[in-house]
Amino acid sequence: MSLDVANFNVWAQKPFKEQAKAFLDVFWDDVEDQAEFIYTVAYKTLRAADMHFQGKQYLYEYREGVDVDFVTGLYFYEKLVDKVHKPEMDGKVWANISQYSRSIPKKLTAVERKAALSDHDLNSDNRISFLEYLLYQYSADPNVFVETSLKHLKSQDPNLDKAQKALIEVNVKLTEIEKLKAKLKIEARGEGPKAKKAQFQLKSMKNSQMISDLNTRLLKAEAAIRAAQRNAKANAKHPKGTSWWMQRELQEVRELYGSAGAGKSVNGPRKTGKKANAWIKNAEPKWKVK
């Protein structure tokens, strides 16, 4: 059965994360246990590779791509292989976790990898989308994807749509915060009055109105997702992959900023001491390409 390229491209020409959510929605029963790897390792590595070739350092500067050329694809795989075999900060080595054995890329020479990329290229446009990577890596049927994903488009859960809009609001505020933080970090270099003022603003940002607004939006987004999940219990067509992905994004924002808001936050009481100011360093790879 030949691939319906036109309908395949409906998804292959969406941003990376939308491709991933559509893939997870269709093949959730088969790849649920790989979702964390797809989000934390594969998605972020491809995004970082795309940012690298675009010359972007921070996410707020970057408009998420839909596909990459073969040169970027080779770079992506090089970084992906490195990442899964090197210990994370907590000592975890992805390649040593049996649960994710299906997700670990094979080590290939550059020539072999280039040939493999041609096999990824289902729509023959000499570019690689995240969707094509996922279908290849997990040996998933592209025709099943096209047929099922089109059905999902026609039966979109209005509760989930509301949750996605709430998540967009979270990300809008997050971008605003990151832009200001990057500006202040530049101004904070040195010892002059301007630098000291920026240093003070950075340290006090965790108690600012911006962070309070972010926490408010987080709470609204979480409530919307919970409502969508409650509805899912009575709806077999509920897109479980999309729901999981949104929850995972919110979890990451909570880890970065949830405990920093004024008063009671989505992450519990405010921390004090060195840990309370650690977020200022912006070491989380979500926001900066290493």
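Note that the structure is predicted; figures quoted are calculated from it, not measured.
Salt bridge E252/K44: present, at least one basic N to carboxylate O contact under 4.0 Å. Between E36 and R248, at least one side-chain N (NZ, or NE/NH1/NH2) sits under 4.0 Å from a carboxylate O, which counts as a salt bridge. With respect to the salt-bridge test (charged N to carboxylate O, under 4.0 angstrom), the residues K17 and E249 qualify. Using a cutoff of 4.0 Å between basic side-chain nitrogens and carboxylate oxygens, E169 and R217 are scored as salt-bridged. Salt-bridge formation is not detected for the pair K107/D82: no Lys NZ or Arg NE/NH1/NH2 atom is positioned less than 4.0 Å from an Asp or Glu carboxylate oxygen.
Residues T216 and K220 meet the side-chain proximity criterion, which asks for heavy atoms closer than 4.5 Å. Proximity of K86 to V93: side-chain heavy atoms (C-beta onward) are nowhere separated by under 4.5 Å. Two residues are said to be in side-chain contact when any heavy atoms from C-beta on lie closer than 4.5 Å; S243 and K240 fail this criterion. The shortest side-chain heavy-atom distance between K92 and I97 falls under the 4.5 Å cut-off. Using a 4.5 Å heavy-atom cutoff, the side chains of Y39 and W245 are in contact. The shortest side-chain heavy-atom distance between K179 and K183 does not fall under the 4.5 Å cut-off. Side-chain atoms of Y62 and D50, non-hydrogen and from C-beta on, do get closer than 4.5 Å to each other. Considering only heavy atoms from C-beta on, R47 comes within 4.5 Å of E64 through its side chain.
From E178, atom CD reaches atom CD of E61 across 11.0 Å, with rounding to the nearest 0.5 Å. Going from atom CD of E255 over to atom CG of L250 covers 11.0 Å, rounded to the nearest 0.5 Å. Atom CG of L218 is separated from atom CZ of R254 by 7.5 Å, given to the nearest 0.5 angstrom. With values rounded to the nearest 0.5 angstrom, N96 atom CG is found 11.5 Å from S101 atom OG. Note that CD of Q13 and CG of D125 are 8.0 Å apart. Values are rounded to the nearest 0.5 Å. A distance of 10.0 Å separates CD1 in I168 from CE in M246, rounded to the nearest 0.5 Å.
Applying the ring pair (Phe, Tyr, Trp, His ring centres under 6.0 Å) test to F16 and every residue at least two apart in sequence or in another chain returns nothing. Residues satisfying the side-chain contact (heavy atoms from CB on, under 4.5 Å) test with D4, not counting sequence neighbours, are A6, N7, V146.
For Q99 (side chain) and D33 (main-chain N/O), a donor-acceptor pair under 3.5 Å exists by modelled atom type. Judged by distance alone, with hydrogens and angles left aside, the side-chain atoms of E112 form a donor-acceptor pair with the main-chain N or O of T109 at under 3.5 Å. In this structure a side-chain-to-backbone donor-acceptor pair under 3.5 Å is missing from T242 to P239.
Of all the heavy atoms in A22 and W11, the pair that sits closest is CB-CE3, 3.5 Å. Between D121 and R127 the shortest heavy-atom distance is OD1-O, 3.2 Å. Heavy-atom minimum distance, L184 versus A198: O-CB, 3.6 Å. Nearest heavy-atom pair across I225 and Q247 is CG2-OE1, 3.3 Å. Shown here for L3 and P142, the closest heavy-atom pair between the two residues is CD1-CB, 3.9 Å. Heavy-atom minimum distance, F70 versus S118: CE2-OG, 3.9 Å.
Between the side chains of K21 and Q164, a donor-acceptor pair is found at a separation under 3.5 Å. There is no side-chain donor-acceptor pair under 3.5 Å between E147 and N143. Neither side chain, Y77 nor T45, offers a donor N or O lying under 3.5 Å from an acceptor on the other. T72 and D69 share a side-chain donor-acceptor pair at under 3.5 Å. A donor and an acceptor atom, one from each side chain of E88 and W94, are located under 3.5 Å apart. Residues S129 and E132 bring a donor and an acceptor atom of their side chains to less than 3.5 Å of each other.
Ring centroid separation for the pair F23 and F130 does not come in under the 6.0 Å cut-off. Residues Y138 and F27 keep their aromatic ring centres 6.0 Å or farther apart.
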- Query: Does the salt bridge (Lys or Arg N to Asp or Glu O under 4.0 Å) test come out yes or no for D30 and R102, once each step is laid out?
  - Reply: CA-CA 11 Å; D30 182 49; R102 295 175 61 198; 3.1 Å; yes
- Message: Apply side chain to side chain contact (heavy atoms under 4.5 Å, CB included) to residues L135 and F8 and explain how you reach the verdict.
- Response: CA-CA 12 Å; L135 290 166; F8 178 81; 3.6 Å; yes
- Message: Please determine whether side chain to side chain contact (heavy atoms under 4.5 Å, CB included) holds for the pair N123 and N9, giving the CA-CA distance in whole Å, both sets of side-chain angles, and the decisive distance to 0.1 Å.
- Response: CA-CA 8 Å; N123 57 4; N9 285 339; 2.8 Å; yes
- Does the side chain to side chain contact (heavy atoms under 4.5 Å, CB included) test come out yes or no for F145 and L131, once each step is laid out? CA-CA 10 Å; F145 171 82; L131 175 58; 3.5 Å; yes
- Show your reasoning for whether side chain to side chain contact (heavy atoms under 4.5 Å, CB included) applies to K83 and K79. CA-CA 6 Å; K83 183 171 180 62; K79 294 299 180 183; over 6 Å; no
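With hydrophobic clusters built from ILVMFWY side chains whose heavy atoms lie under 4.5 angstrom apart, Y133 shares a cluster with V144. One hydrophobic cluster, built from ILVMFWY side chains closer than 4.5 Å, cannot hold both V66 and L117; they sit in different ones. Under the 4.5 Å side-chain heavy-atom criterion for grouping Ile, Leu, Val, Met, Phe, Trp and Tyr, V84 is connected to Y100 within one hydrophobic cluster. Hydrophobic clustering (side-chain heavy atoms under 4.5 Å, transitive across Ile, Leu, Val, Met, Phe, Trp, Tyr) groups L74 together with I104. Residues L214 and L256 fall within the same hydrophobic cluster, defined by Ile, Leu, Val, Met, Phe, Trp and Tyr side chains chained together at heavy-atom separations under 4.5 Å.
Counting non-hydrogen atoms of other residues, nucleotides and ligands closer than 6.0 Å to CZ of F200 gives a total of 12 or fewer.
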